[in-house]
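Each remark here refers to the structure printed beneath this line.
Keep in mind it's a predicted model, so treat the numbers as computed, not measured.
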Amino acid sequence: MAAFSKSIPHNCYEIGHTWHPSCGVSFVQITGGALEESLKIYIPLYLIAAILRKRKLDYYIHRLLPEILQSASFLTANGALYMAFFCILRKILGKFYSWSAGFGAALPASYVAILIERKSRRGLLTIYMANLVLLFCITAALYMFFFRCKDGLKGFTFSALRFIVGKEEIPTHSFAPETAYAKVEQKTEKQEEKSRGMNLTALVRKLVDSVCKHGPRHRCCKHYEDNCISYCIKGFIRMFSVGYLIQCCLRIPSTFRHLFTQPSRLLSLFYNKENFQLGAFLGSFVSIYKGTSCFLRWIRNLDDELHAIIAGFLAGVSMMFYKSTTISMYLASKLVETMYFKGIEAGKVPYFPHADTIIYSISTAICFQAAVMEVQNLRPSYWKFLLRLTKGKFAVMNRKVLDVFGTGASKHFQDFIPRLDPRYTTITPELPTEFS
């Protein structure tokens, strides 16, 4: 453990921005690189979200670009302001302490950055220690339960789940099973009218229907056009396709960047393991959830909100196909946030102003402290994200100097010695091996 009172006299060039002696130039370079990477992250993210939410043209014209720029500015500020406060603290304190190079600089940077982000996107974003699949199963169970409950979920979360699992699973608390057959007849008549103008898509759909044409459907099930078997199969195919296309879209920027130098990489855009993994994850989640829901309606002879807990938990096993800590932790944190605000509305828990902002700032500062002083204890995916955001500059900090604090800061950087200009250092720098 580092001694918090211990200090070293080196300046910020010798430890932080070893690639350039100027604090201002280093800040500008970090800002430019972070902004570029932030736009690469948020442009496809917001476009996909807008398509899934079926946004109208007015949103694309007036709101899409400002929202992208706002989120990109938040992420850029998180990286750039860290470097700014890194240098500011050194100038104020006159030396470096074990806490000032990481936590001390990251805390104000994270706090200012999160204030830039849209309030609806603020949340508990940095919770890391849990069993991934089990956590996702529990999270999915509770999400689906709230989805089935009256006024359980609202806004984007409700819309996203409605898109994923289908409108057939939307709760209708006045649902009477006896009306199902009348609705089936109405749907059948409409289908017969549409069949006259049948195209290729309709022919494929008819073929899928014919596979399970005579399958069973319980009277409590609301998927009137399909029996329970075809209902699950279609759910899998639909969301597998969505997952595959999303992953393809996310790979487009990196693939086309090498299109002329490595044309063969174009094939990896379509034939990539991650494409099929995301598709399998989404497809199996939906099919398991729907299949379990139908099964429970059959054995209990009723449609109950409690079914969603069991179905959601079992559907969470689909995370085995696409083990994403980011997805699991983000959904878990948003679930905690949802339950917290429901507790406030019910008068069961107190309201703490700016709790999300404070928690985000502290959590991010802790991660930055680890990234500086003990990278070996940081999640590899988060470390790669920091390298991407700073264009690799986080890896060229002079961590050998930080070993004095006893955290093993240079454990994974034993062969790295920065090439420092002696004119701007306080202590004669150690020369790289090839110059010694």
Discussion item. Main chain of A113, side chain of N78: is a donor-acceptor contact present, judged purely on distance under 3.5 Å?
Written reply: no

Item to complete: Would you indicate whether the side-chain heavy atoms of E36 and K391 approach each other to under 4.5 Å?
Response: yes

Discussion item. Closer than 4.0 angstrom, basic N to acidic O: yes or no for K400 and D415?
Written reply: no

Discussion item. To check you understand the geometry: which heavy-atom pair defines the closest contact between L89 and S100, and what is its length?
Written reply: CD1-O, 3.7 Å

Worksheet entry | Set of salt bridge (charged side-chain N to carboxylate O under 4.0 Å, His left out) partners for D304, sequence neighbours left out | R300

Worksheet entry | Y46 vs L65, side-chain contact (heavy atoms from CB on, under 4.5 Å): CA-CA, chis, key distance, verdict | CA-CA 9 Å; Y46 272 88; L65 182 59; over 6 Å; no

Practice prompt. Could you tell me which non-hydrogen atom of A365 sits nearest to which non-hydrogen atom of A106, and how far apart they are?
Written response: CA-CB, 3.7 Å

Fill in: Any side-chain heavy-atom pair of V375 and W383 under 4.5 Å
yes

Practice prompt. Quick one: do V165 and M239 satisfy side-chain contact (heavy atoms from CB on, under 4.5 Å)? Show the steps, please.
Written response: CA-CA 9 Å; V165 301; M239 290 312 299; over 6 Å; no

Worksheet item: What's the verdict on side-chain contact (heavy atoms from CB on, under 4.5 Å) for F74 and L115, showing C-alpha distance, side-chain angles and the deciding distance?
Response: CA-CA 8 Å; F74 145 70; L115 294 178; over 6 Å; no

Item to complete: Apply the test side-chain contact (heavy atoms from CB on, under 4.5 Å) to residues S361 and I114: give CA-CA distance (whole Å), side-chain angles for both, the deciding distance (0.1 Å), then the verdict.
Response: CA-CA 8 Å; S361 302; I114 195 63; 4.3 Å; yes

Worksheet entry | Spacing of CD1 belonging to I43 relative to CG belonging to L64, to within rounding of 0.5 Å | 9.0 Å

Worksheet item: Is a donor on one side and an acceptor on the other found under 3.5 Å between the side chain of E37 and the backbone of L389?
Response: no

Fill in: Nearest atoms (heavy-atom pairs only) where A72 meets L39
CB-CD2, 3.8 Å

Discussion item. Would the distance check show the side chain of S287 and the main-chain N or O of C232 forming a donor-acceptor pair, the cut-off being under 3.5 Å?
Written reply: no

Fill in: Point-to-point distance, once rounded to the nearest 0.5 Å, from CD1 of I164 to CZ of R238
8.5 Å

Practice prompt. Please confirm whether the backbone N or O of I237 pairs with a side-chain atom of S241, one donor and one acceptor, at under 3.5 Å?
Written response: yes

Discussion item. Can a side-chain donor-acceptor contact be found between N398 and T18 if the only test is distance below 3.5 angstrom?
Written reply: no

Discussion item. Rounded to the nearest 0.5 Å, what separates atom NE2 in H17 from atom OG in S26?
Written reply: 4.5 Å

Worksheet item: Between the main-chain N or O of Y289 and the side-chain N or O of T292, is there a donor-acceptor pair closer than 3.5 Å?
Response: no

Fill in: With W19 via ring pair (Phe, Tyr, Trp, His ring centres under 6.0 Å) - residues at least two apart
none

Worksheet item: Just wondering, do V372 and F86 contact through their side chains at under 4.5 Å, heavy atoms?
Response: no

Worksheet item: Can you find a pair of side-chain heavy atoms, one from L142 and one from I309, that are under 4.5 Å apart?
Response: no

Fill in: Side-chain heavy-atom pair K56, I61 within 4.5 angstrom cut-off
no

Worksheet item: Are C137 and V317 side-chain neighbours, meaning at least one heavy-atom pair lies under 4.5 Å?
Response: yes

Worksheet entry | Nearest-0.5 Å distance, CE of residue M397 to CG of residue L402 | 6.0 Å

Response to the item:
ring pair (Phe, Tyr, Trp, His ring centres under 6.0 Å) filter on F368, not counting sequence neighbours, yields Y82, F394

Discussion item. When you measure from the side chain of S230 to the backbone of N227, do you find a donor-acceptor pair of N or O atoms at a distance under 3.5 Å?
Written reply: yes

Worksheet item: Any idea which heavy atoms bring Y143 and L335 closest together, and the distance?
Response: OH-N, 3.3 Å

Worksheet item: Charged N to carboxylate O below 4.0 Å: is that the case for K411 and E374?
Response: no

Response to the item:
With F158 as partner, the option from F146, F147, F163 fulfilling ring-ring contact (aromatic ring centres under 6.0 Å, His included) is F147

Worksheet entry | ring pair (Phe, Tyr, Trp, His ring centres under 6.0 Å) involving F85 - partner list, sequence neighbours excluded | none

Worksheet item: So, is the end of the K290 side chain (NZ or CZ) under 6.0 Å from the ring centre of F285 and within 45° of the ring's axis?
Response: no

Fill in: Residue pair Y231 / C221, side-chain heavy-atom distance below 4.5 Å
no

Would you give me the side-chain donor-acceptor pairs under 3.5 Å for residues 276-284, sequence neighbours excluded?
| unit_1 | atom_1 | unit_2 | atom_2 | d |
| --- | --- | --- | --- | --- |
| S284 | OG | A280 | O | 2.6 |
| S284 | OG | F281 | O | 3.2 |

Worksheet item: Roughly how far, to the nearest 0.5 Å, is the CG atom of L314 from the OG atom of S293?
Response: 9.5 Å

Worksheet entry | Exercise: identify the closest heavy-atom pair between R388 and I41 | NH2-CG1, 3.6 Å

Worksheet item: Rounded to the nearest 0.5 Å, what separation is found between the CZ atom of F385 and the CG atom of L387?
Response: 11.0 Å

Discussion item. Does any part of the side chain of I30, heavy atoms only, come nearer than 4.5 Å to the side chain of K393, both counted from C-beta?
Written reply: yes

Worksheet, complete the sentence: For F295, the ring pair (Phe, Tyr, Trp, His ring centres under 6.0 Å) test, sequence neighbours excluded, returns none

Item to complete: Could you walk me through whether E67 and Y59 pass side chain to side chain donor-acceptor pair (under 3.5 Å), step by step?
Response: CA-CA 10 Å; E67 288 184 2; Y59 172 82; 2.8 Å; yes

Worksheet item: Taking all atoms of both residues into account, what is the closest heavy-atom pair of P350 and I344, and its distance?
Response: O-CG1, 4.1 Å

